Every structure is written in structure tokens, then in C-alpha cells.
There are 2 protein chains.
Amino acid sequence: MTDLDNSALNQLLNTLPGEEYQRLRPHLEPIEMPLGEVIYEPGGELRYVYFPITCIVSLLYVMENGSSAEIAVIGNDGMVGVALFMGGGSMPNRAVVQSSGRAYRLRAHQLMREFNQFGAMLHLLLRYTQSLITQMAQTAVCNRHHTVDQQLCRWLLLSLDRLPSNELNMTQELIANMLGVRREGVTEAAGKLQQAGLIQYSRGHITVLDRPGLETRVCECYHVVKAESDRLFPPPPPMPLG
Amino acid sequence: MTDLDNSALNQLLNTLPGEEYQRLRPHLEPIEMPLGEVIYEPGGELRYVYFPITCIVSLLYVMENGSSAEIAVIGNDGMVGVALFMGGGSMPNRAVVQSSGRAYRLRAHQLMREFNQFGAMLHLLLRYTQSLITQMAQTAVCNRHHTVDQQLCRWLLLSLDRLPSNELNMTQELIANMLGVRREGVTEAAGKLQQAGLIQYSRGHITVLDRPGLETRVCECYHVVKAESDRLFPPPPPMPLG
DNA sequence: GGCGCTATGTGCGGCAGCGTACAGACCGTG
DNA sequence: CACGGTCTGTACGCTGCCGCACATAGCGCC
């Protein structure tokens, strides 16, 4: 798989006009993102930003007492490290690789150089940040009002949307961390889904058997986030690059 | 009270360098913001943005079944309508006046004209959006892990920080809508605070008697949001304008 | 001063999720 | 093949919040 093929798989980079992309391309460094790697710690300096290709990154908030909650999920639809160009200088959350895979890494000052051209890159990144904001807002709502069952469905679908296959590698323990609930709660919820024939679970490996089934069980939060994301970034035809 | 005095009371406008502010000033239209007014509906077009002076605006998400949750609170520290320059074109949430008062209103295209100068205004607004993101993320965490008691404290302090006095006009019913809980839950939580001598409640009128007391009861979420906000916008000395 | 409205207080059954504990099940390794 | 570690399933009491139903209390208004 060539460099170019890879980058086409990050939808943000893919949306970038040719000229801008060519400027950036020499600085895009493809790297492996192993499961569990912590990309940012809260308060840490932002040296790089990441454009996921086949990996998924979670923005997590970890509380003083150790419990945690996922704020947003980022896959090949986005970028990790928006705080850089938003001007904070540091990251407010922890960012963890939730599903291993590849990503493009870009040095912070290279991104800022392009951002400060005030061209397509700026508008693209801001629009993406807007969709990220929607996701975070919806997470807040979902945490308030919906059951673990529904949230598990939402989480599965959000992850599935960012993966090429219908299989995830993820223990219930980890999912519980993301959702900010007990591991047993996930066991129970996953049990129901499995009994309904929607998924198959075995030791850290989930196969989604009936995606439409999940979509009927999920709360509106998933659809809201997806709709807004599709509105801001109209999904391209299957293979836009020749 | 003159025009200039008012605008000095919005910290964002206040932070703007003289030249930028002078360009904007003729277009800043001071208006009254009555309690309960809906400024934006989700999906609606963004004709104006608002810089609160003495009012507070809540970003709310209202679910299909009618229950709601507050996503963020905006007072004279910020601006309502960030989605405009983020590129969405429309607002994803409802925005409601939570505490009546005054605000500056600015036509969308006037803001965009200044934004597109790619100068101080752009960086200021992006930095503000970053602090808004932090608030939303923390709301998600708080909704997941903290009790109504703690959330009420957080909510009171966030509101208090955006008001000149230590009094709020707000029924328990409305607070419940904001927090996304039952009205009775707020009654109970407020009862505890009242019994502890921290606040005094009477028919839609709250007087905060012991602010430090609230701060000891509140969850970390409040402090995190405040710290990040102070970091991004170092609080000025009491009266920066001569 | 009585009426009606709105705001607040209270009580009760029910349930979802928590904390805890422990039992099986699966898997790699020696 | 036995062992240890990890992952998953199950059970039980507890708590916080919900939904509901009502009882009071302040406040304006005729």
C-alpha cells in the first residue's frame, strides 16, 4: 500500500485541495498506533497532530479518583489535536489509541504553517472541530439520559463507522472505561445484544452480526452525531481517487 | 451607562485590540435579553451572534421525548453562536436566555468580515471556543459521574461567576431542565444547601450566602473548567478601563 | 380577603447502576 | 497437560434518581 493510498483514507486530508495537500504531504509521517498508547496527557505540550488512517483514538477524561469517561471518538474521519490550532497550546484531555492501526503524524509547526495560510486547511479544520463539538455535546446528553444498553450500541456504531470491517478488538473492561461505567454493566448489556443475535463476543473480540439491528436499538444521539457529521462532510462515493 | 462602558463588560470584546474593536463597534447593537427567550433553535440559520453583558445564555439540547440537558453556559466571558465561524452554517443546539440582562448583538456577516481578516478576532474567538469545548467535555464527565447535589453546586457557581451580584432569579423547575434532572431532585439538593446555610431559596430567587462553602462541596468539574478558562483568558484586574 | 396560579416540599414504590465478591471459561506458556 | 492470568458471566444488597401523587406556601389580582 503506497503513501498516497493511505492518505486518501483519511477523509480530512482527502478533502484537502491538491495544492494544499501537496504542501503537507512531505511532512506526513505514517506511523503505527499500538493499542492503548497514550498520545496526549492533559496539560501536555502538543508536538504532533495525528490523522488516523485505520486506527481509532479516544479522547478521555480521567478524574481524580481514577474513573474516566470518553468525550469523543476520532477515526479516519478526523484529526487528533485540534486544541493546537484553537490556541490552547496544550491538550485538555487524554488521548488513547482505542483500536490499533495506522495514522499520519504531522509536526505541530507544520500544521500551523498550513493553518496560518488562512486557506482551505483552516476552514476544513474548523468545520471538523464543529463536528467534534457536536459529538461532545451529544455525549453529555447521552450520559445524562440514556441507559448503558443504548450507550453501548452508540459506542459500537461510532467505532464501527471508523473501521473497515465489522470486527472490533476490545475487552469489556476497556469499553467500560470509555463509557465510564462498570465492567459488569457492559457484560450485561453485551449479553443482551449477543442473545438478540446482534453481536458475537469472545475474549476481547467483537463481531457485529446485525448492524441494522444495532441501529434500531441505539438512542437518537448516534443519529444526531452522524447526521451532523454527514452534513458538514458529505460522504464521498466509495472510492474517490482514481 | 454609555455604549462604551457596556462593551467593556464583555470580556471578549474587552480583550480585542483597539483597532479591531473600533471596526466592530458601530455594528454592536445593545439589546435586552428577556428571561426564557430562545435565541437559536437547532438547525436554524445564524443571523446574529451575541456578546452577553449582564445576561446568561444556556446552550441546551432538547431530546425527542422533551427532556433536556445543558451543554454550556455563556455569560459576559463569551459569545453565543460560535458555530457561525466554525463553518457549520447552522446551530446544533438550542440557546436560551437563562438569566435576563443585556447583550451586544452583531450581524453574522459583520462578525465574519472581521473574522476573515485573520487577525486578533480570529485567534480570540478560537481560543474562546476552546474554553467552550472544555466546558462541554466537563459537562459530559459530570453528567456521568457526579450526584445532583454536586452538579447543582457546579451550576450555581458557573452562573454566579457570570453575574455581578450573588443573587440569581431561577426557579427549581428551570434549574432541573438545565441539569436534565427532576424538579424534585433539585428541591432536595437545594434543601440541603439551604439547611447548611449556603444559600437561601424563595420562589425563584436564590441568594448565595456562602460561596466558599459551595466551592468546598462542588465536584472537580467546576475547578477544571474555571482553571482552563483562566488559563486561556487570564482574568484582568477589576476595572481595566479608565 | 378569597381565588387561582405558580413554586416548593414530601412521601413512596420502582429501577438502573454501583460496589463487591466469586465462579467459570478461555488462552498462552512452561 | 497442568497452571496462571485474563476475560467474561452471575449474584446480592445498596443508593441515587425517577415517576407519580399530593400537600403546603407565597403572591398577584379581582
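What you are looking at is a predicted structure, and each value in this text was computed from that prediction instead of being measured. Quick note on labels: first sequence line is chain A, next is B, and so on, each numbered from 1.
When all heavy atoms of Tyr201(A) and Thr171(A) are compared, the closest pair comes out as OH-C, 3.5 Å. Nearest heavy atom pair, residue Ala95(B) against residue Val57(B), reads CB-CG1, 4.0 Å.
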Every protein N/O within reach of nucleotides 10-15 of chain C N/O, cut-off under 3.5 Å:
none

Kindly give the atom pairs (protein nitrogen or oxygen, nucleotide nitrogen or oxygen) under 3.5 Å for nucleotides 26-29 of chain D.
{"unit_1": "dG26(D)", "atom_1": "N2", "unit_2": "Arg203(B)", "atom_2": "NH2", "d": "3.3"}

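The shortest distance between side-chain heavy atoms of Gln98(B) and Trp155(B) falls below 4.5 Å. Using a 4.5 Å heavy-atom threshold, the side chains of Arg127(B) and Phe233(B) count as touching.
Geometrically, Arg105(B) engages Tyr48(B) in a cation-pi contact defined by less than 6.0 Å to the ring centre and at most 45° from the axis.
To the nearest 0.5 Å, atoms CD (Gln194(B)) and OG1 (Thr207(B)) are separated by 9.5 Å. In this structure, the separation between CG on Leu132(A) and CD1 on Ile133(B) is 6.5 Å, given to the nearest 0.5 Å.
If you take CG of Asn169(B) and P of dT6(C), they are 18 Å apart, rounded to a whole angstrom. Regarding Asn65(A), its CG atom lies at a distance of 13 Å from the C1' atom of dC18(C), rounded to whole Å. Distance Gln151(B) CD to dC17(D) P: 8 Å, rounded to the nearest Å. We find that CD of Gln194(B) is positioned 13 Å from C1' of dA7(C), with the value rounded to whole Å. Taking atom CG on Asn143(B) and atom P on dG17(C), their separation rounds to 15 Å, with Å as the unit. Rounded to an integer number of Å, the gap from NE2 of His145(A) to P of dC17(D) is 14 Å. We find that CG of Leu35(A) is positioned 15 Å from P of dT6(D), with the value rounded to whole Å. The CD-P distance, from Gln195(A) to dT10(D), rounds to 9 Å in whole Å.
Take the nearest nucleotide of DNA chain D for Thr147(B) and for Tyr201(A): the residue whose nucleotide is more 5' is Tyr201(A).
As judged by a 4.0 angstrom heavy-atom cut-off over every strand, Gly185(A) is placed among residues making no nucleic acid contact.
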Verdict with reasoning, Leu168(A) to Leu163(A), per side-chain contact (heavy atoms from CB on, under 4.5 Å): CA-CA 8 Å; Leu168(A) 336 184; Leu163(A) 285 174; 3.6 Å; yes
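Between Arg211(A) and Asp161(A) a salt bridge is recorded (basic side-chain N to carboxylate O distance below 4.0 Å). The pair Lys192(B)-Glu188(B) fails the salt-bridge criterion, with no side-chain N (NZ, NE, NH1 or NH2) lying under 4.0 Å from an Asp/Glu carboxylate O. Salt bridge Asp77(A)/Arg162(A): present, at least one basic N to carboxylate O contact under 4.0 Å.
A heavy atom closer than 4.0 Å to some atom of DNA chain D occurs in Thr171(A), Gln172(A), these being the qualifying members of residues 170-181 of chain A.
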